[in-house]
Structure formats: C-alpha cells, structure tokens
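Written below as structure tokens is the structure these notes are about.
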Amino acid sequence: MKKLIPLLITLISANAIAQKNLVQNGGFEMELNQWNGDVAKLSSFDKKNGKNSAIITQYVGAQWKAIDQTISIPKNTTAIELSGWIKSDGVEKGENTWNTGKFDIEFINSSGKGFQNENIASVLGTTPWTFYKKTIKVPSSASKLRIMLALGQTNGTILFDEIKAIAISQEELNKITEAENAKRMPTVISGNYEAKPIELTNGNFENGITSWRGNATVSTETFKEGKSALVLKSNTFDWNGIDQIADVPENATSITVSGWLKSDNIVQGKDIWNNGLLNIEFTSDGSNKTGNDQSVTFVTGTTDWTFYTKTFSLPKGTKKYRLMIALGFATGTLFADEISVKFN
Ligand SMILES: [Ca+2]
Ligand SMILES: [Ca+2]
C-alpha cells in the first residue's frame with residue numbers, strides 16, 4: 001500500500017503539468033486580476049463555477065468592449081487548446097459578421113506585433129452556459145498569445161468563466177489525432193490479405209482509383225506525373241478519403257512514405273487534424289494496431305504541388321500498413337500523385 005501512494009502522486013502531478021492552464025485567473029475567482037480593460041464586472045449571481053464569472057454589459061452605443069490577457073507560449077508547443085464557458089443575454093446581430101459576443105485570440109511575434117487572429121467562439125442572442133473549445137495550430141513565429149473576451153461593437157450582455165489555454169506538444173497532438181482517427185475512420189476488414197505479400201499499387205493514379213478503397217475520382221487536368229492524379233473534393237465537414245492496405249516485407253525496420261500533394265482552398269475543420277492529410281496506420285493483421293497512426297503531413301489552404309516524405313520506425317509486430325489520403329472533416333480540394341513507400 002505504501003508503495004502505491006508515491007506512484008499515484010506521480011501520475012496526478014504528471015497529468016497536472018500536461019494540463020496546466022496558461023491563463024491566469026481564468027475563472028475570475030481573484031476578481032479581475034491579470035485581465036486588462038475596465039469594461040467587465042464580476043458576476044457572483046450568475047457563474048459557471050466558483051464564486052464569480054466576468055460579465056460585460058452594454059445597452060446602447062455598440063462600442064468595442066473587451067478585456068484581454070497576454071500569455072507566453074511555452075517552448076515546443078505545436079498547438080493550443082482554448083476553451084471556456086460563455087453565456088449571453090440579448091446580444092444583437094450587427095452589420096459585420098464579427099459583431100458578436102466573442103472569445104478571440106491573437107498571436108503575437110517576438111517584436112510584440114499581433115499578426116494572426118483566430119475566433120474561438122461567436123455568440124449571438126440569448127444562450128445558456130455553453131462550453132466552447134478549439135485547438136489552434138501555433139504559427140512558428142508566435143511567441144505570445146493574447147486572449148480577448150468581448151462584445152464586438154454590439155449591444156447585449158455576455159458572461160465568461162473557466163477560460164483556459166492548454167499547450168499541446170507534437171507528441172500529445174499525435175495521440176489526440178490517433179484517438180480521433182480511431183473514432184472516425186472506417187474499421188478495416190481483415191482476412192482477405194493472406195495469400196501473398198501485397199505491395200502498394202497505383203500510387204500514381206494512372207489506373208483511376210484501382211487498388212484504393214473509397215469514393216474518389218481522378219483529375220486528368222491537374223496532375224504531377226503521368227496523365228492523372230487523385231482528386232478529393234468536399235463542401236461539407238465530413239470524412240472524404242481513400243485508403244489502401246499492403247504488407248510489410250519481412251525484416252523491414254522502417255518505412256518511408258512519400259508523395260506529392262496539392263491543395264485548393266482547404267478550410268480546416270473543428271480541430272487541427274481536420275485537414276487535407278496523408279496518414280499511415282500500422283497493424284499486425286489489417287485490424288489490430290501495433291502503434292499510433294502517424295501523419296506524413298497535413299495540408300491547409302491553397303498550395304502548389306509539394307513533395308512530402310517521412311520515415312517511420314515500424315512498431316514491433318507490424319505486418320501490414322494502411323495509407324490514407326483524405327479530407328478529414330475539412331472542406332476544399334486535395335490532389336495527390338506519385339504516392340510511394342520504401343522499406344529499410
Ligand atoms: Ca468562476
Ligand atoms: Ca499520375
């Protein structure tokens with residue numbers, strides 16, 4: 001029993017470090033300490049947690065009314081998960097889309113200049129306490145982050161509580177991606193791959209989408225190599241992708257996945273892995289995973305043909321791998337060509 005206690009404490013503190021809230025006084029329990037701007041008041045009557053929330057009220061005038069806090073982004077932060085509870089009462093719709101009750105962030109570079117804004121929540125009308133959460137990729141030049149809680153030139157009442165910002169490393173992001181993929185990706189049907197070693201084929205999409213599973217077409221207008229390339233198109237935030245399962249040769253210890261991707265106006269979905277993507281899954285038999293799914297790359301926005309390549313150690317017991325090319329809950333168009341693998 002005695003031995004269990006230190007272990008338990010270690011586990012709890014490791015978790016506490018990983019989940020550290022970078023926002024100070026995000027629950028408004030120390031009045032409005034750490035927050036800039038004098039437009040908010042404390043609400044002890046209506047709060048989500050603890051003794052207080054912060055409330056911003058404006059009856060007329062539709063001024064910009066905000067409180068803000070600037071936080072430093074820790075080293076090795078790939079993404080930041082921002083979350084908070086918001087309640088509103090009669091927030092008016094203005095002329096501009098940003099005339100709402102708002103939870104926004106702004107990335108700031110090392111010279112102190114803001115250069116990229118992201119919206120975490122936009123609230124109109126009357127809403128009960130609602131939890132909002134978004135995971136935002138941190139731009140490489142960002143050193144700080146400003147959190148803004150506001151009435152964006154609109155009238156009404158808005159309340160905030162439990163405002164949080166959690167730094168996420170690449171490793172943690174991979175784990176999150178794997179968990180999301182496990183939830184969302186179709187289950188692999190095993191058992192049909194026993195006869196002989198199967199190699200990846202038609203990675204250059206010269207034979208339509210032969211060998212690939214899923215709904216997709218090829219483009220004969222946009223391609224990198226040969227006469228055609230894969231094209232995935234989506235107007236909705238659903239899973240649109242294709243995949244192919246093949247065998248790992250005996251004695252192989254690593255796999256290098258390479259390919260050309262091009263994107264047209266890909267809009268990221270709710271989370272960072274909701275993008276154009278090239279992923280690989282490792283299994284012992286086509287269905288039992290031997291390790292985490294790995295991302296070769298995510299693609300957002302509009303990009304010209306770009307070559308991506310990444311080498312992964314094969315997890316112990318890996319006999320099969322599955323390549324996935326998808327618009328994973330993102331909108332836009334993704335092209336792919338010359339997808340290949342190499343073993344070492
Ligand atoms: Ca509180
Ligand atoms: Ca081709």
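Indexing begins at 1, ligand by ligand and atom by atom, following the structure's order. What you are looking at is a predicted structure, and each value in this text was computed from that prediction instead of being measured.
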Practice problem: Classify the angle between the aromatic ring planes of W212 and F205 as parallel (below 30°), tilted (30 to 60°) or perpendicular (above 60°). | Solution: parallel

Self-check item: O (S228) - the Ca ion (ligand 2) - O (N204) angle, nearest 10°
Solution: 90°

Quiz item: Vertex the Ca ion (ligand 2): angle to OE2 of E206 and OD2 of D337, to 10°?
Solution: 150°

Quiz item: Taking the Ca ion (ligand 1) as the vertex, how big is the angle to OD1 in D161 and OE2 in E29, rounded to 10°?
Solution: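 Angle OD1(D161)-the Ca ion (ligand 1)-OE2(E29): 160°, rounded to 10°.
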
How about [X]: does one of its N, O or S atoms come closer than 3.0 Å to the Ca ion (ligand 1)?
X: G27; result: yes
X: E162; result: no
X: S53; result: no

Quiz item: If you look at every heavy atom in A165 and I71, which pair is closest and at what distance?
Solution: CB-CD1, 3.8 Å

Exercise. Would you mind reporting whether V91 and L151 have side-chain heavy atoms less than 4.5 Å apart?
Key: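 Yes. Closest side-chain heavy atoms under 4.5 Å.
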
Quiz item: Is it true that the side chains of S211 and T201 contain a donor and an acceptor less than 3.5 Å apart?
Solution: yes

Quiz item: Can you tell which of I136, T135, L173 makes a side chain to side chain contact (heavy atoms under 4.5 Å, CB included) with E81?
Solution: T135

Self-check item: Pair K87 + D46, salt bridge at N-O below 4.0 Å
Solution: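 Result for this pair is yes, salt bridge flagged.
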
Quiz item: Is the distance from the Ca ion (ligand 2) to the nearest N/O/S atom of E225 under 3.0 Å?
Solution: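 Coordinating: yes.
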
